[in-house]
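Below is one structure, written out as structure tokens, with a few remarks after it.
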Amino acid sequence: MLYCFPGYPKTLLNAGGLQHCVEEVEQLGILEHDSAVQYRKEGVFVRGEHEELLYPVEYHMSALCLRDGITWNWFDENWAFGNGGTVHKTSASPDYKTVVHGTDLNLDQFLTRYGSTRLAELELERLHIRHEGWEKYEARWTPGTCPQESHIVHLTWLITTHQLPPFAYERIRDLIEYGATPKDLHRYSQEAGKHFSAIRKWDGSSAVGVRA
Amino acid sequence: MADASPGGVGFDTTLPASTGVAAVGVAAAAARRDHVHPSAVTYAGGNTTEATTTSTTAVDLITVSALTIAAATPIHIVTVGRKTSGAAAGAGLGIKLNTTVVSEADTVAALLILTGNDQAETGGVCAVIPPRVTSYLRTGCAFYNLYTTASIDSGTQPACGDNNDAPTASITDFVIRGISGNALVTLGSDELNVYTLATS
């Protein structure tokens with residue numbers, strides 16, 4: 001069963017750390033690790049040359065995902081969830097251009113079409129270019145919830161062999177969404193990055209392309 | 001607001017977080033910036049920590065969405081990957097363009113291969129994907145560097161087309177796929193930058 005939570009785990013446990021927590025330290029559940037099993041948007045498949053659909057995906061989206069506008073429809077066609085645990089990251093940035101007010105022409109295009117114009121008569125504005133990629137991305141969100149500026153979406157999902165009992169789900173939710181302190185911290189590896197990831201802050205800059 | 005898609009199991013509306021929170025929309029987005037409430041969305045100044053997985057089948061690890069890159073426009077990408085110790089198993093990164101897996105994440109041949117030694121490793125890769133026009137749909141190449149405590153390795157890998165033809169439609173989603181050869185090995189990737197190259 002697939003459980004999806006919003007954000008990076010607030011405990012800073014990475015996918016390996018979260019798995020270690022759930023399976024070994026706090027023994028909350030068992031994750032699916034069969035290397036033949038791949039969860040996808042369209043169902044659970046046997047991986048290989050002759051891929052076969054095993055059964056439909058059973059999933060549970062956290063209530064906070066829904067609050068952010070992320071439902072099952074947010075995941076695109078042929079989206080792969082794999083198995084085990086994953087902390088996923090998506091970035092998106094709207095594109096803007098400066099246009100002459102009331103048109104979609106930039107200054108150069110405006111002058112080409114209308115000839116010399118007194119600068120004092122022109123009013124410029126910043127226009128969000130709603131190109132194909134943006135329209136497609138925005139449509140994945142619940143209407144009205146897609147952020148209209150550069151942003152990053154972190155999602156954490158776990159794939160378990162069986163449905164979790166309520167106490168286990170709530171404990172995992174608290175670890176991921178609310179930063180509850182993991183038990184028995186001495187049982188986590190001291191190897192840098194093995195169970196905990198170093199936090200990085202995003203300065204919002206985008207050089208030439210788009211950054212994730 | 002609940003999603004009633006077939007196959008779903010519904011949502012637990014008894015969760016405390018499902019009540020008493022700000023409504024969605026602009027006001028909620030503004031409220032989220034102070035990071036008082038847990039949220040999936042991060043703005044400038046927020047957490048942008050790496051993507052990681054223990055999946056032993058390919059998974060969508062990092063995505064750059066909301067792009068519109070015409071088929072005739074070359075693409076240049078840069079990203080980094082790492083794996084932890086835990087088992088004698090490799091890990092790898094691959095590429096999906098829109099919904100098409102052009103270079104599947106694999107532990108043998110993929111965009112970036114981390115070796116099967118039981119050790120922590122770090123690698124970096126840059127790739128060029130030429131225009132994706134009819135009859136030229138499997139043309140990408142990648143250059144990588146791989147660092148371990150024992151050695152440094154570098155070389156080339158296919159970056160586009162070892163599994164499927166690249167789509168000829170505009171690229172709207174650029175996805176890095178990941179796979180770990182063993183669930184005890186964590187694969188990480190970060191700092192994916194996607195650039196388009198001028199054509200004239």
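Reckoned from all heavy atoms, side chains included, excluding hydrogens, waters and symmetry mates.
Within the 4.5 angstrom heavy-atom criterion, atoms from both the backbone and the side chain of A:Lys194 approach chain B. Using a 4.5 Å cut-off between heavy atoms, A:Asn14 touches chain B through backbone and side chain atoms alike. Only the side chain of A:Leu155 comes within contact range of chain B, judged by heavy atoms closer than 4.5 Å. Neither the backbone nor the side chain of A:Arg40 comes within less than 4.5 Å of any heavy atom of chain B. In this structure, chain A has a heavy atom under 4.5 Å from the side chain of B:Ile179, while its backbone stays farther away. Both the backbone and the side chain of A:Glu77 come within contact range of chain B, each with at least one heavy atom under 4.5 Å from a heavy atom of that chain. For B:Thr186, the part lying under 4.5 angstrom from a heavy atom of chain A is the side chain only.
By number of non-hydrogen pairs under 4.5 angstrom with chain B, the leading residue of A:Gly7, A:Cys146, A:Ser189 is A:Gly7. Between chain A and the residues B:Gly188, B:Ser170, B:Ala51, B:Ser85, the largest count of heavy-atom pairs under 4.5 Å involves B:Ser85. Between chain A and the residues B:Thr49, B:Thr53, B:Thr99, the most heavy-atom pairs under 4.5 angstrom are made by B:Thr49. The candidate with the highest count of non-hydrogen atom pairs below 4.5 Å against chain B, out of A:Val87, A:Ile176, A:Thr156, is A:Val87. Ranked by non-hydrogen atom pairs under 4.5 Å with chain B, the options A:Gly16, A:Ala36, A:Gly84 are led by A:Gly16.
Checked by atom type, the side-chain pair A:Gln19/B:Thr54 shows a donor-acceptor distance below 3.5 Å. Side-chain N/O atoms of A:Glu177 and A:Ser62 include a donor and acceptor closer than 3.5 Å. Defined by atom type and a distance below 3.5 Å, a donor-acceptor pair is present between the side-chain atoms of A:Ser197 and A:Tyr8. For B:Asp173 and B:Ser65, the side-chain atoms include at least one donor-acceptor pair closer than 3.5 Å. For A:Asn83 and B:Thr56, the side-chain atoms include at least one donor-acceptor pair closer than 3.5 Å.
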Audit row: B:Lys96, B:Glu104, salt bridge (charged side-chain N to carboxylate O under 4.0 Å, His left out) steps and yes/no: CA-CA 8 Å; B:Lys96 185 170 85 170; B:Glu104 183 61 293; over 6 Å; no
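Listed for the B:Arg177 side chain is no donor-acceptor partner under 3.5 Å among the backbone atoms of B:Gly94.
Note: A:His88 and A:Trp157 have parallel aromatic rings, judged against thresholds of 30 and 60 degrees for the angle between ring planes.
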